[in-house]
Undergrad: 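I'd like to ask some things about the structure below.
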Amino acid sequence: MTTSSTQLHEWRVTGMDCGSCAAKVRGAVEQLPGVAEVDVALMTERLRLRLDEAQTRTSEIETAVRGVGFGIAPRGAPPERVKGAFVLPDGAPPVASDTPEPDAASDAPAPQRWYQSRKGRMLLGTGALLLLAWAIELGIGGAPAHWAFALATLLGLAPVARTALALARARMPFTIEMLMTIAALGALVIGAAEEAALVVFLFALGEMLEGLAAGKARDGIRALAELVPRTARVVVGSRIREMPAAGLSVGQVVQVRPGDRVPADGTVVSGRSGLDESPVTGESVPVLKEPGAEVFAGSINTEAELRVRVSRDAEDNTISRIVRLVEEAESARAPTERFIARFSRWYMPAVVVVAALVAVLPPLVAGGAWETWIYRGLALLLIGCPCALVISVPASIASALSAGARHGLLLKGGAVIEAAARTTLVAFDKTGTLTEGRPQVTALAPLAGSETELLRIAAGVETGASHPLAKAILARAEAEGLEPPAATEASAIPGLGATATVEGRRWTVGAPRLAAETGVLSADARARAEALEAGGQTVVAVFAPDTLLGLIALRDEPRPDATPAVAELAAMGIGSVMLTGDNARTAEAIAARIGLDHRAGLLPEDKVTELGKLTRDARVMMIGDGINDAPALATAHVGIAMGSGTDVALETADGALLRNRVADVAALLRLSRATMANIRQNVAIALGLKGVFLVTTVLGLTGLWIAILADTGATVLVTLNALRLLGFRPGAR
């Protein structure tokens, strides 16, 4: 239970390479008093918890984590470098490093070659000891060789055993370190010293490979944070001065030279140039930016100088939001991952029990050789660690999140990916999603005045409105040089229009049915509106309680990729439907051009009701972009916001399409399906290898050194398989 005395704390934990590592960190801190809501994110190396510092200090949290063998530092502080003798395993306590600390502004460690890491030093050290023992065996043999292998085992095993005891004190007795310690010491007792030394070396090799694979999986996530330049060129009067990009504030103007990365989200105030937005959205073709255009932090200026006014603080720019989303997504665990986590808690103790029975029952019941069956029992112990199984899901999810983020496909966690993979129906909003979202006025039909008066009054009512239709009316008025009259008491009619008092009268700009309900829509006006709507145009009426001033027709063209995108979804066996507040005739015309079903005349609450009906018979993904779509996005099984959508839609949604492409819906679904297939492959690898070696070990076909490969080898294979997702391409089938 969270109380008012608890505070949220966050650290970066280094040295975690598999799911059991995260479990060790969690177990080390959960037992401390005053600790609640512990969240350990493996791929983003994050520890987050709530802490009552009256019961436990933050320094005690850090001591507990270091005690089970991991480096720890507050988020944003320089990460710890773990240094020590070559025998330090993943679980050994870190000591001070002689490696220069990275920039405190960065949360990522400085590049380090594999042999400089503690796992690398352990591998080299255990390897050197093993080679020395083999040399003694070849040169002298006999007892000296036996004791050389025993010494190599003990030296290599010492830090592993130390960590095993620390974890046992933290109420985690069933760890790979404990199983390694028992198996290696047991092998020495029964005289298998050479194999014990080999097992310790193979353990070090597996740990090293796990570290390299996990680091590769994290590279994609780390690379996102490096997209924003460290410095910015700020315009101060007639001078340019450099300052840290993290210190930029809203309203400052920055210079972006050709070849520079944009240091902040903002709006172009001068200049005209193409921007390569591929680092942010995956879009490879440079996008022309002119005064008034919005730009993303991390985009690359390709042609000419731009001056950009900062519109978001550094911690809230597009890149920061993507990184934050990817980091937070790891905590939203998929149902499959939660099931595997529960299963693994029983799996290891069960294998330990089986190993004990294998070691003692055959000699006691059937008169088998104690040495033979103890050896087989020890081998079974090494198969008991569920590392490969536990990491099978998060490794795939992390790779998928990273690959998606590089191509403008953002998903908020494994649960969303799993739900998206089961999608059978995609529901699209119309305006700004299937269409460009930039309607233009195509016809003015005055009924009680001139075209100028009709447009002028409509512009007055819509002044300050953000709806695409309102913007189109204001743009037409500006193009004709009209000054909108002042409006008071303005308000929106959700899904239908807007109303305001203009020049002493209450005017409404909205759907013709509003005018019909008011009683001012004549039969001739209705017929004219229906004729315009039949041509695929949206019609709004401009009226007062006793007067219909006229009709305005607008057209919003479908996106060029909408039709092929819907066809591609159909080829994947996924249905499509358009949900719109527009009238039935316009909706039918647009839907027919794109090739999908439609539901028209829906208010925001009607969309929620309609989605409720659709979700009874299908797994529905909703795609929308506006604030009116937020309730619908939350109602669907999966809600995805177009990248140009409002902050409300982006926050409510389960993901986002940054490139504003309808075609990316199919790409997102392919990524989700590929991820779930990858997870199934990983689970099969993890359980399959352990199952095979479980049988072969009991039958005496494989021994200790093969058993350790069944654990670490499976972990490496699972991680490498997950890394294949980093090669995902949106256009690939």
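Just so you know, these numbers come straight off a predicted model, no measurement behind them. Basis for what follows: all heavy atoms, side chains included, without hydrogens, waters or symmetry-related copies.
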Undergrad: Roughly how far, to the nearest 0.5 Å, is CG of Leu409 from CG of Leu401?
TA: 11.0 Å
Undergrad: So, taking the atom named NE2 in His9 and the one named CD1 in Ile61, what distance separates them when rounded to the nearest 0.5 Å?
TA: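 Output value for this atom pair is 8.5 Å.
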Undergrad: Report the distance from atom CG of Leu694 to atom CG of Leu699, rounding to the nearest 0.5 Å.
TA: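 The distance works out to 9.5 Å.
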Undergrad: Does CH2 belonging to Trp370 count more than 12 external heavy atoms closer than 6.0 Å?
TA: yes
Undergrad: Spell out, as yes or no, whether a donor-acceptor pair under 3.5 Å connects the side chain of His407 to the backbone of Phe728.
TA: yes
Undergrad: Using every non-hydrogen atom in the two residues, find where Thr14 and Arg12 come nearest and quote the distance to one decimal.
TA: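 Closest pair (atom of Thr14, atom of Arg12, distance): CG2-NH1, 3.5 Å.
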Undergrad: Would you say Leu185 and Thr153 make side-chain contact, with heavy atoms under 4.5 Å?
TA: no
Undergrad: Would you name the heavy atoms of Ala355 and Gly377 that are closest together and state the gap between them?
TA: CB-O, 3.4 Å
Undergrad: Does Val189 reach the side chain of Ile374, with side-chain heavy atoms less than 4.5 Å apart?
TA: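 No. Closest side-chain heavy atoms not under 4.5 Å.
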Undergrad: Kindly write out the residues that satisfy side-chain contact (heavy atoms from CB on, under 4.5 Å) with His637, not counting sequence neighbours, or none if the list is empty.
TA: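 For His637, the residues satisfying side-chain contact (heavy atoms from CB on, under 4.5 Å) (neighbours in sequence not counted) are Thr615, Arg619, Val620.
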Undergrad: Where do Pro363 and Ala369 come nearest, in terms of heavy atoms and distance?
TA: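 Closest pair (atom of Pro363, atom of Ala369, distance): CG-O, 4.3 Å.
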Undergrad: Taking Ser399 for the side chain and Ala722 for the main chain, is one N or O donor matched with an acceptor at less than 3.5 Å?
TA: yes
Undergrad: Are there more than 12 heavy atoms of other residues, nucleotides or ligands under 6.0 Å from atom CD of Gln55?
TA: yes
Undergrad: If you take all heavy atoms of Thr163 and Val68, which pair is closest and at what distance?
TA: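 The pair with the smallest heavy-atom distance is CG2-O, 4.1 Å.
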Undergrad: Heavy atoms, side chains only, cut-off 4.5 Å: are Leu49 and Val40 in contact?
TA: no
Undergrad: Taking the side chain as every heavy atom from C-beta outward, state whether Val358 and Trp373 have any atom pair closer than 4.5 Å.
TA: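 Touching, per the 4.5 Å side-chain cut-off.
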Undergrad: Out of Thr719, Asn682, Thr675, which residue meets the side-chain hydrogen bond (donor to acceptor under 3.5 Å, both in side chains) rule with Ser396?
TA: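 Result: among Thr719, Asn682, Thr675, Asn682 is the only option passing the side-chain hydrogen bond (donor to acceptor under 3.5 Å, both in side chains) with Ser396.
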Undergrad: Could you give the distance from CZ (Phe201) to CG (Leu131), rounded to the nearest 0.5 Å?
TA: 7.5 Å
Undergrad: Determine whether Val25 and Ile72 make a side-chain contact, defined as any pair of heavy atoms from C-beta on separated by less than 4.5 Å.
TA: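 When only atoms from C-beta onward are counted, Ile72 and Val25 do not touch, as no gap falls below 4.5 Å.
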Undergrad: What heavy-atom pair brings Gly404 and Leu671 nearest, and what distance separates the two atoms?
TA: CA-CD2, 3.8 Å
Undergrad: Measuring from atom CE of Met621 to atom OG1 of Thr424, what distance do you get when rounded to the nearest 0.5 angstrom?
TA: 10.5 Å
Undergrad: Minimum heavy-atom separation for Leu129 and Ala152, please, with both atom names.
TA: CB-CB, 3.8 Å
Undergrad: Any side-chain heavy-atom pair from Met572 and Arg670 closer than 4.5 angstrom?
TA: yes
Undergrad: So does Val698 get a backbone contact from the side chain of Arg376, meaning a donor-acceptor N/O pair under 3.5 Å?
TA: yes
Undergrad: How many angstroms lie between atom CG of Leu51 and atom CZ of Arg57, to the nearest 0.5 angstrom?
TA: 10.5 Å
Undergrad: Looking only at atom types and distance, does a side-chain atom of Thr56 sit under 3.5 Å from a main-chain N or O of Pro33, one as donor and one as acceptor?
TA: yes
Undergrad: With heavy-atom distances below 4.5 Å as the criterion, would you say the side chains of Ile679 and Ile397 are in contact?
TA: yes
